[in-house]
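I have placed the structure first, in the form of structure tokens, so that the comments after it can refer back to it.
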Amino acid sequence: MTDAPNFGPGTDAVPNRPKTSLIAEDARTKGRNAAEKRFRFYGMAAIAVGLFFLVVLAVSIVRSGIPAFTQTVVNVEFTMTEADIETAEGMLFKTKMYAQFLNTALTDQMNAKGLEVDVDEKAIQRILGKTGGIIREFYKGNPDQMGEPVAFELSASSRVDGYFKGRVTREGFVDSRFLKLSDLDLVDSLAQAGVIQQAFNWNFITGADTGVDNPGGAGIGASLVGSFFMMLVVLVLSLPIGVAASIYLEEFAPKNRFTDIIEVNISNLAAVPSIVFGILGLAVFIQFVHLPQSAPLVGGLVLTLMTLPTIIISTRASLKAVPPSIRDAALGVGASKMQAVFHHVLPLAAPGILTGTIIGLAQALGETAPLLLIGMVGFVARGYPQGFIEGFTDPNSAMPAQIYTWAARADVGFYEKAWGGIIVLLLFLLTMNIIAIILRRRFERRW
Amino acid sequence: MYDAPHMTESHVTAAADVKIAARNVQVYYGDNHAIKDVNVDIQDKTVTAFIGPSGCGKSTFLRCLNRMNDTIDVARIEGDIRIDGQDIYDKAVDPVQLRAKVGMVFQKPNPFPKSIYDNVAYGPRIHGLARNKAELDEIVERSLRRGAIWDEVKDRLNAPGTGLSGGQQQRLCIARAVATEPEILLMDEPCSALDPIATGQIEELIDELRRNYALVIVTHSMQQAARVSQKTAYFHLGNLVEYGDTTKIFTNPEDTRTENYITGRIG
């Protein structure tokens, strides 16, 4: 520009504009850039901290939980003839006689490997528990196996199991009626002979909970089935009800004070502590409707009440996100309002609805508090696995409640069960999420 | 027949070829009086252009003609709109049936996120216009031809309609609108989102469509109104100021407001 300021039309340039270089940063730019850098650093730091704790969590879960998937077993192979069984059945303490046969077989097995051990009947009982009953049950169930060599896999007691997993050590060992220090010598030589081994603990995945003194036999299977039934109830009830309610409120209901109140209440319900829903379930479903206690059906109903607000809120949000031009287009060619919603709006909102549903289901899956109130906790299955299929009204537990029960028990053997249960719970959740992602992909691919 | 004290000569034509007759139409959005006392006769097989500054109510009035304003809770419509002598706001009239008869094309191209075929076939399907697949194919082809887009899309009918260019999308929307065999086509600024070439194609198409339909087009471009329409209505602040032959409106307007608008002094 020229030196003389010119304020004529078309030249509203600022007079004496300072000369600035494009190469050198001025103070303001510097400050702005520094602020941006700082913000990026905060963001990265936050993510790093989050990742760190996630890794710590994952590592500790896996490290503490993996032992639950293995168990210490004693492999004994021996033959009982019909005559042996008749002898045993003729005794006053039948199972004791069976146990003696086992002990003899065990001693023979050790001697055959050139290991001289003193197999004390009491010590074996401390290591393996009452084995006679198991053997007797087996032959009662499989009489055709008499006279044949049978390989028995008997699980060791939780102390012995703990000895192999490092939970029980020789240092500071105190003899008790459960295990004596001398038993550990026997265990060592049994391990040396390959009689005691680590095996995959199928029982943990398929089995049911046991009493407080038998952590070795405890399994999460029954509560897994319980959780599965509950999720089924929640999905079947909350998805259609939630989506239908959202569609009505969002697309059809008049906007007035009454619907405003409903909207506010739904938002508030989403924030109600879950134990309140538990109380409600206890009062309504069990005390008033007289549904059976501890049943996955009741648990599912309670969790449905809890999940509905989440599903309704997310469904309404995804319905709102569908551009109004799509509704106009459908109405413009003469579609009824319902056709416009079901043919065009709902398919577009489906991925969002699925996301909301899976969040709601994940919440419900991990919920413990309401289950405490309807008695789905601390339950030991009787006769499992027979009859668990009609599980909607049969007493059962759920995974988080089962984990809670184990974590609360005194025996340290349950500690690893609790962590192992968390692994199974997370895998269940992961499976659910993967199914949802696959479904969502399929919906999205349609256009 | 009508009690229409505000009716003026220029707004009403001979009844013979009148397709839409509006009398004393008032529209309220809540407390806002958006359309004030509009009387107009829209002729069959004619392109009628609604022009006027933004917010003058021309789109609102257009949306009254197929009851799209019904979807807006706060909108309230008074007066009398008749298509072929039938009151479209009569209680017995189902807006869904009305909209099959009065098609609409919107400002922003809004194809369904489905295939090109399904976009066009949707209307005939829900109205049961085709008895079988062959008939439906025929309707789709005929509609796409009328939309002047058949040659461009005939090889990719299963491609998504949203993948077309803006102009193609708008012609697809026109094809979709004519697929239900309407008698009237309403177009709400159909070219405002398009480039001049696409606009030219749409305008040619509008001229073609005039042979079979009564067309009402809202436009911000006075050149477009002059090019495509035979009748023009000028709206100002919710009033229908002037209505008449396009040539007359653009060369010899009666109202000073119309003159100011078309000469570019307001709007």
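Lettering of chains follows the sequences in order, A, B, ..., and the numbering in each one begins at 1. Worth knowing before you read on, the calculation uses all heavy atoms, side chains too, and leaves out hydrogens, waters and symmetry mates.
No more than 12 heavy atoms of other residues, nucleotides or ligands lie within 6.0 Å of NZ in B:Lys108, so this atom counts as exposed by the packing criterion. More than 12 heavy-atom neighbours from other residues, nucleotides or ligands sit within 6.0 angstrom of OH on B:Tyr28. With a 6.0 Å radius and a threshold of 12 heavy atoms from other residues, nucleotides or ligands, B:Gln86 has its CD atom at or below the threshold.
Atoms CG and CZ, from A:Leu331 and B:Arg67 in turn, are 12.5 Å apart once rounded to the nearest 0.5 Å. Taking CG of B:Asp118 as the reference point, atom NE2 of A:His343 lies at 11.5 Å (rounded to 0.5 Å). To the nearest 0.5 Å, atoms CD (A:Gln339) and CZ (B:Arg125) are separated by 12.5 Å.
The aromatic ring centroids of A:His344 and B:Tyr122 lie less than 6.0 Å from each other.
For B:Arg63, the part lying under 4.5 angstrom from a heavy atom of chain A is the side chain only.
Residue pairs meeting the side-chain hydrogen bond (donor to acceptor under 3.5 Å, both in side chains) criterion with at least one member in residues 301-312 of chain A: none, sequence neighbours excluded.
Listed here is the closest heavy atom pair of B:Ile126 and A:Val333: CD1-O, 4.4 Å.
Under the ring pair (Phe, Tyr, Trp, His ring centres under 6.0 Å) criterion, B:His127 pairs with no residue at all, not counting sequence neighbours.
Interface residues of residues 247-260 of chain A toward chain B, defined by a heavy-atom distance below 4.5 Å and sorted by number: A:Lys255. Against chain A, the residues from residues 92-102 of chain B that qualify, each with a non-hydrogen atom under 4.5 angstrom away, are B:Val96, B:Arg99, B:Ala100, B:Val102 in number order.
Chain B forms the most heavy-atom pairs under 4.5 Å with one residue out of A:Ala329, A:Ser336, A:Ala330, A:Gly332, and that residue is A:Ala329.
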